[in-house]
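Structure record follows, encoded as structure tokens.
Sequential numbering from 1 along the given sequence is applied to the chain's residues. Just so you know, these numbers use all the heavy atoms, side chains as well, and skip hydrogens, waters and symmetry mates.
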Amino acid sequence: MIVLASASPARLALLRSAGLDPKVIVSGVDEDAYSAHTPAALSLVLAKAKAAAVAEGLDEGLVIGCDSILELDGRPYGKPGTPEAATERWRLMRGRSGRLVTGHCVIDAATGAQAAEVASTVVRFGQPADEELEAYIGTGEPLSLAGAFSIDGRGGWFVEGIEGDHGNVLGVSLPLLRTLFEELGYSVTSFWR
């Protein structure tokens, strides 16, 4: 059994399209209660906390915890939450590159063993006009997304390119996840439906 400790529709869709059928159990972890010295370290701390919170209540299964953060000028940017914060964020990102870091943690609920690592992808942002940003933010899409953007939705119009794993920008690096499964002694193909 695979369990996704995340409410992210993009993560769930990506895992399903890759052949898995995870059960979703949202961790309920208060992300604001954690801190770390870098955005990458913070993403890993949060991924571990989310996976652990869900694995604690299970006797079996592989629990996948993930957390994505946009790093810009060395600072972490998570979900903006409000239109004002999303507008401010996009004014910072416009015409620049940032690094989307996603912490991944897999816990074998039966044994407590865990494997964890961070994936990183460079994102090059376009220069949308103020009217375009207003329309995009008005859709509500960026408010609950790390970095206030997506590449698989309306935000894709404003991302000029990426360097690295596109799945990581959606919230899960499949190659990294396969490696973490292997570290725990599992082949991802054995979980394909």
Side-chain angles (χ1 to χ4, degrees), residues 5-11 14 27 29-52 64-105 115-177 179-180:
S6 171
S8 166
R11 282 189 188 109
L14 182 57
S27 69
V29 164
D30 176 9
E31 295 181 17
D32 295 331
Y34 294 84
S35 63
H37 60 284
T38 66
L42 180 58
S43 74
L44 192 57
V45 165
L46 288 167
K48 288 178 176 181
K50 292 174 181 183
I64 301 168
C66 295
D67 189 79
S68 297
I69 297 172
L70 178 70
E71 179 181 337
L72 194 64
D73 299 325
R75 295 190 56 212
Y77 292 95
K79 304 171 183 107
T82 67
E84 295 77 21
T87 301
E88 182 181 318
R89 182 91 37 91
W90 265 98
R91 288 189 176 139
L92 275 175
M93 299 179 333
R94 200 167 22 194
R96 301 181 63 203
S97 292
R99 198 166 68 105
L100 198 286
V101 293
T102 301
H104 294 65
C105 179
E117 187 55 67
V118 176
S120 176
T121 305
V122 174
V123 181
R124 291 190 319 274
F125 297 103
Q127 296 192 13
D130 287 345
E131 306 78 50
E132 291 174 308
L133 282 182
E134 186 178 332
Y136 177 49
I137 291 164
T139 69
E141 179 183 278
L143 303 186
S144 62
L145 299 171
F149 76 97
S150 68
I151 60 171
D152 63 337
R154 290 179 177 98
W157 293 102
F158 311 121
V159 174
E160 293 195 347
I162 63 169
E163 297 164 30
D165 179 1
H166 81 283
N168 184 54
V169 183
L170 298 175
V172 179
S173 169
L174 296 177
L176 176 55
L177 200 56
T179 300
L180 298 179

Within this structure, what is the NZ-OH distance for the pair Lys50 and Tyr34, rounded to the nearest 0.5 Å?
10.0 Å
Would Val123 and Val159 count as a side chain to side chain contact (heavy atoms under 4.5 Å, CB included) if you check the C-alpha gap in whole Å, the side-chain angles of each, and the deciding distance to 0.1 Å?
CA-CA 7 Å; Val123 181; Val159 174; 3.7 Å; yes
Straight-line distance of Leu177 CG to Cys66 SG, nearest 0.5 Å
6.5 Å
Where do Ala85 and Pro80 come nearest, in terms of heavy atoms and distance?
CB-O, 3.4 Å
Between CG on residue Leu100 and CD on residue Glu71, distance to nearest 0.5 Å
10.5 Å
Report the distance from atom OG1 of Thr38 to atom CD1 of Ile69, rounding to the nearest 0.5 Å.
8.5 Å
Whether the side chain of His104 engages the backbone of Ser173 through a donor-acceptor N/O pair (distance < 3.5 Å, no angle test) should be reported.
yes
Rounded distance [0.5 Å steps], OG in Ser27 versus CG in Leu46
9.0 Å
For atom CZ of Arg94, is the number of surrounding heavy atoms from other residues, nucleotides or ligands below 6.0 Å larger than 12?
yes
Atom of Val29, atom of Ala49 and distance for their closest heavy-atom approach:
CG2-O, 3.7 Å
Pairwise side-chain contact, Ser68 with Val101, heavy-atom cut-off 4.5 Å (strictly under):
no
Residue pair Ile137 / Ala86: nearest heavy atoms and the distance that separates them:
CD1-C, 3.7 Å
Tell me if a side-chain donor or acceptor on His166 pairs with a main-chain N or O of Gly164 at a distance below 3.5 Å.
no
Contact check, side chains of Leu145 and Ser150, non-hydrogen atoms, under 4.5 Å
yes
Distance-only polar pair, side chains of Thr179 and Glu117, donor-acceptor under 3.5 Å
no
So, Trp90 side chain and Leu133 main chain: donor-acceptor pair closer than 3.5 Å or not?
no
Check: Phe158 ring centre within less than 6.0 Å of Phe149 ring centre:
no
Any salt bridge linking Lys48 with Asp67? Criterion: basic side-chain nitrogen under 4.0 Å from a carboxylate oxygen.
no
Does a side-chain heavy-atom distance below 4.5 Å link Asp165 with Pro175?
yes
Test item: Ser97 and Phe125 side chains (from C-beta on) under 4.5 Å apart, heavy atoms
no
Is there side-chain contact between Ile162 and Val122, with at least one heavy-atom pair below 4.5 Å?
no
Is the shortest side-chain heavy-atom distance between Glu160 and Gln127 below 4.5 Å?
no
For residues Ala36 and Leu42, report the shortest heavy-atom separation together with the two atoms involved.
CB-N, 3.4 Å
Heavy-atom pair of closest approach, residues Glu141 and Arg154:
OE1-N, 3.0 Å
Apply ring pair (Phe, Tyr, Trp, His ring centres under 6.0 Å) to Trp157 and Tyr136, showing your working.
CA-CA 10 Å; Trp157 293 102; Tyr136 177 49; over 10 Å; no
Note: Ala10 and Asp152 closest approach over all heavy atoms is CB-OD2, 4.0 Å
Going by the side-chain contact (heavy atoms from CB on, under 4.5 Å) test, name the single residue among Arg89, Arg99, Arg96 that passes it with Leu72.
Arg96
Just do the side chain to side chain donor-acceptor pair (under 3.5 Å) check on Arg11 and Ser6 with the steps written out, would you?
CA-CA 8 Å; Arg11 282 189 188 109; Ser6 171; 3.1 Å; yes
Got a second to check how far Leu14's CG is from Leu174's CG, nearest 0.5 Å?
4.5 Å
Test side chain to side chain contact (heavy atoms under 4.5 Å, CB included) on Met93 and Leu70 and set out the steps.
CA-CA 10 Å; Met93 299 179 333; Leu70 178 70; 3.3 Å; yes
Taking atom types as modelled and ignoring hydrogens, do the side chains of Thr121 and Asn168 form a donor-acceptor contact shorter than 3.5 angstrom?
yes
